[in-house]
Amino acid sequence: MSDALALRNRQDRYGLVAIFLHWIVAAAFIANFAIVYAMKWFMVPRSEEARAMLSYHTAIGVSVLVFVALRLFWKWSNRTPDDVPGTRLEHFLAHAMHHALYLVMIILPLSGYLGTGGPSQLFFVVEIPRFADTAVFQTVVNGWMGLSWEAFEAPMDVIHKQGGAYVVSVLIAAHAAAALYHHFVRRDNVLRRMISPALVKPD
Ligand code: HEM
Ligand code: HEM
């Protein structure tokens with residue numbers, strides 16, 4: 001593939017595919033935080049309006065898993081750009097944060113789906129049955145593990161709601177703050193190379 005298209009990552013920068021997948025997943029996460037708190041803070045619980053908001057949240061949440069799968073595939077089939085100059089501690093923290101965010105990208109939407117009592121829609125079009133109605137739940141969770149829906153749903157709910165509210169929000173805010181710090185204080189390529197290959201400055 002010609003590098004003129006800059007699709008793949010290189011030693012000094014991300015390619016367009018990684019950039020596209022990063023921002024679509026980031027936008028979905030930010031949208032889902034905004035949607036769920038708009039619902040909780042400003043709408044009457046279980047009203048028509050609140051249910052519609054929750055259906056956007058679940059549809060965006062299950063759909064993002066498709067992009068997460070593509071992102072993981074792309075990550076494993078492509079090199080990661082080298083670290084920009086920094087201390088060993090900074091590099092360690094950046095790598096730990098990126099690994100944590102990859103876990104978050106899988107665990108948060110998945111726990112949302114597994115713990116939800118209603119159906120959801122992939123890309124707002126394809127109906128996905130609630131997990132309790134699937135053969136996987138009946139065979140594996142109910143059959144092999146011997147768990148009722150209530151016993152299974154409770155920990156999924158804790159992971160999704162408490163994890164989302166108190167852990168994931170802090171991780172994402174710290175990650176975004178680090179990107180802004182690099183851009184405005186360090187003035188290096190960290191944010192530029194996640195926006196466009198054309199913005200990367202030579203060292
Ligand atoms: C990008 C993915 C997702 C993010 C960032 C996200 C985030 C959150 C957050 C922050 C909360 C509120 C926690 C609180 O109570 O303070 C929440 C609640 C909830 N989420 Fe998600 N979620 C995602 C995906 C999903 C998916 C895939 C489903 C189901 C298919 C789902 C279903 C729910 C439900 C039912 C609630 C409870 C709403 C209520 O309290 O009435 N979420 N989510
Ligand atoms: C406004 C919000 C965000 C900003 C400004 C931002 C910025 C960035 C930047 C600049 C990088 C490149 C780091 C480097 O070159 O070493 C990056 C990488 C990364 N971001 Fe974000 N990000 C945001 C939201 C998110 C969200 C919501 C997630 C996941 C839920 C996420 C997950 C990741 C991951 C996993 C990497 C590492 C990519 C890799 O090398 O494989 N980011 N982000």
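Each ligand, and each atom within it, is numbered from 1 in the order the structure gives. Each residue takes its place number in the sequence, starting with 1. When reading the values below, keep in mind they use all heavy atoms of this one structure, side chains included, and skip hydrogens, waters and symmetry mates.
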Exercise. Less than 2.8 Å from atom 21 (Fe) of ligand 2 is the window; count the protein N, O or S atoms in it.
Key: 2

Self-check item: Under 4.0 Å to a heavy atom of K75 - the qualifying atoms of ligand 2, by number
Solution: 39 (C), 40 (O), 41 (O)

Exercise. Please report which non-hydrogen protein atom sits nearest to atom 41 (O) of ligand 2, along with the residue it belongs to and the distance in Å to one decimal place.
Key: Y102 OH, 2.5 Å

Exercise. Using a cut-off of 2.8 Å, count how many protein N, O or S atoms are strictly closer to atom 21 (Fe) of ligand 1.
Key: 2

Quiz item: Hey, which atoms in ligand 1 end up nearer than 4.0 Å to a heavy atom of V62?
Solution: 27 (C), 30 (C)

Quiz item: Mind checking whether I19 and I195 have side chains closer than 4.5 Å, heavy atoms only?
Solution: no

Quiz item: In terms of atom number and element, which parts of ligand 2 are under 4.0 angstrom from non-hydrogen atoms of T80?
Solution: 40 (O)

Quiz item: Without hydrogens or angle criteria, can the side chains of H95 and D83 be said to hold a donor-acceptor pair below 3.5 Å?
Solution: yes

Quiz item: Hey, is M39 one of the residues with a heavy atom under 4.0 angstrom from ligand 1?
Solution: yes

Quiz item: Which heavy atom of the protein is the closest neighbour of atom 16 (O) of ligand 2, given with residue, atom name and distance?
Solution: R193 NH2, 3.3 Å

Quiz item: Under 4.0 Å from any heavy atom of R71, which atoms of ligand 2 are there?
Solution: 33 (C), 34 (C), 35 (C), 36 (C), 38 (C)

Quiz prompt | Expected output: side-chain N9 to main-chain P81 donor-acceptor under 3.5 Å | solution = no

Exercise. For atom 40 (O) of ligand 1, grab the closest protein heavy atom and report residue, atom and distance to one decimal in Å.
Key: K40 NZ, 2.9 Å

Quiz item: Is there side-chain contact between V190 and H183, with at least one heavy-atom pair below 4.5 Å?
Solution: no

Exercise. Kindly give the heavy-atom pair with the smallest separation between P197 and R13, and that separation in Å.
Key: CB-CD, 3.5 Å

Quiz item: For atom 34 (C) of ligand 1, what is the nearest protein heavy atom, given as residue, atom name and distance?
Solution: L54 CD1, 3.9 Å

Quiz item: D82: what forms a salt bridge (charged side-chain N to carboxylate O under 4.0 Å, His left out) with it, not counting sequence neighbours?
Solution: R79

Practice problem: Flag Y37 as yes when one of its N or O atoms lies below 3.5 Å from any N or O atom of ligand 1, and as no otherwise. | Solution: yes

Quiz prompt | Atom of Q138, atom of A132 and distance for their closest heavy-atom approach | solution = NE2-O, 3.2 Å

Quiz item: Quick one: does ligand 2 sit under 4.0 Å from the side chain of L191, the backbone, both or neither, non-hydrogen atoms only?
Solution: both

Exercise. Could you walk me through whether V84 and R193 pass the side chain to side chain contact (heavy atoms under 4.5 Å, CB included) test, one step at a time?
Key: CA-CA 11 Å; V84 300; R193 71 183 187 173; 4.1 Å; yes

Quiz item: Counting N and O atoms only, with roles assigned by atom type, does the side chain of H160 sit under 3.5 Å from a partner on the main chain of L114, one being a donor and the other an acceptor?
Solution: no

Quiz prompt | Protein residue, atom and distance nearest to atom 10 (C) of ligand 1, heavy-atom basis | solution = F33 CE2, 3.4 Å

Exercise. Say whether M97 and ligand 2 are in contact under the criterion: heavy-atom distance to a ligand atom below 4.0 Å.
Key: no

Under 3.5 Å, which donor-acceptor pairs link side chains of residues 61-77 to any protein atom two or more places apart or in another chain?
residue : atom : partner : partner atom : Å
S63     : OG   : A59     : O            : 2.6
S63     : OG   : F123    : N            : 2.8
K75     : NZ   : T80     : OG1          : 2.9
S77     : OG   : F73     : O            : 2.9
S77     : OG   : W74     : O            : 3.4

Quiz item: Which residue and non-hydrogen atom of the protein lie closest to atom 32 (C) of ligand 1, and at what distance in Å?
Solution: T116 OG1, 3.5 Å

Exercise. Within a distance under 4.0 Å of any heavy atom of M105, pick out the atoms of ligand 2 and give their elements.
Key: 29 (C), 30 (C), 35 (C)

Practice problem: Test side chain to side chain contact (heavy atoms under 4.5 Å, CB included) on I60 and I35 and set out the steps. | Solution: CA-CA 10 Å; I60 292 173; I35 288 171; 3.6 Å; yes

Exercise. With heavy atoms of A165 as the reference, note each atom of ligand 1 found under 4.0 Å away.
Key: 16 (O)

Quiz item: Side chain, backbone, both or neither: which part of R13 comes within less than 4.0 Å of ligand 2 when only heavy atoms are counted?
Solution: neither

Practice problem: Could you tell me whether the side chain of S196 and the main chain of A198 form a donor-acceptor pair under 3.5 Å? | Solution: yes

Self-check item: Nitrogen or oxygen of W23 less than 3.5 angstrom from that of ligand 2
Solution: no

Self-check item: SB check E153 R130 (cutoff 4.0 Å)
Solution: no

Quiz item: Donor-acceptor pair, T139 side chain versus V136 backbone, under 3.5 Å?
Solution: no

Exercise. Test side chain to side chain contact (heavy atoms under 4.5 Å, CB included) on M105 and V25 and set out the steps.
Key: CA-CA 8 Å; M105 276 189 267; V25 172; 3.7 Å; yes

Exercise. Kindly check if the number of other-residue, nucleotide or ligand heavy atoms within 6.0 Å of OH (Y102) is above 12?
Key: yes

Self-check item: More than 12 heavy atoms of other groups within 6.0 Å of E48 CD
Solution: no

Quiz item: Where does the angle between the aromatic ring planes of H175 and H22 fall among parallel (under 30°), tilted (30 to 60°) and perpendicular (over 60°)?
Solution: tilted

